[in-house]
Amino acid sequence: MAYFASKTRYEQMKYNRCGNSGLLLPAVSLGLWHNFGGEGDYQSMKDILLRAFDLGIAHFDLANNYGPPPGSAESNMKNIMQSELASHRDELIISTKAGYLMWDGPYGEWGSRKYLLASLDQSLKRMGLEYVDIFYSHRPDPNTPMEETMMALHSAVQQGKALYVGISNYDAEQSNRAVDILESLGTPCLIHQPRYNMFDRWVEDGLLEVLEKRGVGCIPFSPLAQGLLTNRYLDGIPKGSRIDSESIFLGKDNLDPETMVKVRALNQHAEQRRQSLAQMALAWILEKKQITSVLIGASSVAQLEANVATVNNLKFTRDELASIENILV
């Protein structure tokens, strides 16, 4: 059956300006880190992507190594784009990244010009695109001059292969320097993608301040702490869950008694707000003025719809924020 996008897709989603740029991003964006690789169910991932677009999610975030196997999420994105979303390309923000291990040898990871531009060319071929909207340096490289890494991002824009550039996993000092270099080249840093959630708040130690001061947007990944900030583990470890499958990103040691006390207290607070724990955790991030969008994953359409509904209740009272802070201390 042919796909026809919902005519009301932009009516309920909230859109935020990305830093000082002219670009608006949906408050909730969809990341293809998990569940969209070659080992996943293709029909399910297609259903999720198309439903996301119908809900106003115009931003899909990828990286060269997303899978498994690496590269397969981008290949699946190509198939869905060509079969269902090609006519909507100009409505979409598609991002990809390079920085982590992608192929053998000394040029298969980190931040050299050689690796970044070769990786971008590969990503474009896998996705069947002429350009990506945002190209990221996925992590800082301690052994490559930052000037080289930033010049590679600048070259991607100059070559017409990316419209904007961003950085990911850079600390406050590194971010400030990266922004300086990119500004000197004439290619502003659009956005930063850090890990950020209620249990991992390192960005509050200077990074958010830098981004606000420099006019750079922020789109946190892992806003639900790989599922800890949901109701999934309130009563133990369900069969088939990420922890049950011994994921390298979330292990049984993450469910220590102290953490579970906090999770249950947060869940009670969310219920008082008439939200799920996941919705409250997303809203808590979006409440901060430096945040442009939150990057969610999804394993089902129902999960996607529930998390997108976060935009219907984003406001917190001072008392609510204080209560949450007391729980997190």
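Treat the numbers as computed from the prediction; the structure is a model and nothing was measured.
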Mind checking whether [X] and [Y] sit in one hydrophobic cluster, side chains of I, L, V, M, F, W, Y counted as touching below 4.5 Å?
X: Trp202; Y: Ile291; answer: yes
X: Leu185; Y: Leu153; answer: yes
X: Leu129; Y: Leu117; answer: no
X: Val157; Y: Leu120; answer: yes
X: Val261; Y: Met198; answer: no

Lys46: what forms a side chain to side chain donor-acceptor pair (under 3.5 Å) with it, not counting sequence neighbours?
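Testing Lys46 for side chain to side chain donor-acceptor pair (under 3.5 Å), a comparison that skips the adjacent residues, returns Glu84.
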The criterion is side chain to side chain donor-acceptor pair (under 3.5 Å); which residues satisfy it with Asn64, sequence neighbours excluded?
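For Asn64, the residues satisfying side chain to side chain donor-acceptor pair (under 3.5 Å) (neighbours in sequence not counted) are Tyr115, Ser119.
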Can you confirm whether the side chains of Gln226 and Ser222 place a donor and an acceptor under 3.5 Å from each other?
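Yes, Ser222 and Gln226 have a side-chain donor paired with an acceptor closer than 3.5 Å.
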[X], [atom1] atom: more than 12 neighbouring heavy atoms under 6.0 Å:
X: Glu173; atom1: CD; value: no
X: Asp104; atom1: CG; value: no
X: Lys125; atom1: NZ; value: no
X: Gln12; atom1: CD; value: no
X: Lys114; atom1: NZ; value: no
X: Met151; atom1: CE; value: no
X: Tyr10; atom1: OH; value: yes
X: Glu204; atom1: CD; value: yes

Hey, does the side chain of [X] reach the backbone of [Y] with a donor-acceptor pair shorter than 3.5 angstrom?
X: Arg89; Y: Leu92; result: yes
X: Gln275; Y: Asn313; result: yes
X: Asp141; Y: Trp110; result: no

Could you name each residue pair satisfying side chain to side chain donor-acceptor pair (under 3.5 Å) that touches residues 19-29, not counting sequence neighbours?
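Residue pairs passing side chain to side chain donor-acceptor pair (under 3.5 Å), neighbours aside: Ser29-Ser293.
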Of all the heavy-atom pairs spanning [X] and [Y], show the shortest one and how long it is.
X: Gly56; Y: Pro26; result: O-CB, 3.8 Å
X: Ala225; Y: Asn197; result: CA-ND2, 3.5 Å
X: Ser123; Y: Glu74; result: OG-OE2, 2.9 Å
X: Leu25; Y: Leu23; result: CD2-CD2, 4.0 Å
X: Gln290; Y: Cys218; result: O-CB, 3.5 Å
X: Met127; Y: Thr96; result: CE-CB, 4.1 Å

Sequence neighbours left out, what passes side-chain contact (heavy atoms from CB on, under 4.5 Å) with Asp61? Give chain and number order.
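Partners of Asp61 by the side-chain contact (heavy atoms from CB on, under 4.5 Å) criterion, ordered by chain and then number, come out as His59, Tyr66, Ser95, Lys97, Tyr136, Gln193, Leu295.
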Which residues pass the side-chain contact (heavy atoms from CB on, under 4.5 Å) test with Ala172, sequence neighbours left out?
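Only Leu207, Val210 meet the side-chain contact (heavy atoms from CB on, under 4.5 Å) criterion with Ala172.
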Sub-4.5 Å side-chain heavy-atom contact between [X] and [Y]:
X: Leu234; Y: Arg264; result: yes
X: Trp284; Y: Leu229; result: no
X: Ile80; Y: Phe53; result: no

Ring-plane angle category for Trp33 and Phe221, please: parallel below 30°, perpendicular beyond 60°, tilted otherwise.
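Geometry flag for Phe221 against Trp33: perpendicular rings.
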Classify the angle between the aromatic ring planes of Tyr3 and His88 as parallel (below 30°), tilted (30 to 60°) or perpendicular (above 60°).
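Perpendicular.
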Ring of Phe316, cation from Arg273 - is the NZ or CZ under 6.0 Å from the centre and inside 45° of the axis?
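That pair qualifies as a cation-pi contact.
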Approximate separation, where rounding is to 0.5 Å, of Asn76 CG and Asn35 CG
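Reported value, rounded in 0.5 Å steps: 11.5 Å.
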Residue pairs passing the salt bridge (charged side-chain N to carboxylate O under 4.0 Å, His left out) test where at least one lies in residues 301-318, sequence neighbours excluded
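For residues 301-318, and leaving out neighbouring residues, the salt bridge (charged side-chain N to carboxylate O under 4.0 Å, His left out) pairs sorted by first residue read Arg51-Glu305.
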Assess whether side chain to side chain donor-acceptor pair (under 3.5 Å) is satisfied between Asp47 and Gln43, documenting all intermediate values.
CA-CA 6 Å; Asp47 290 344; Gln43 185 61 49; 2.8 Å; yes
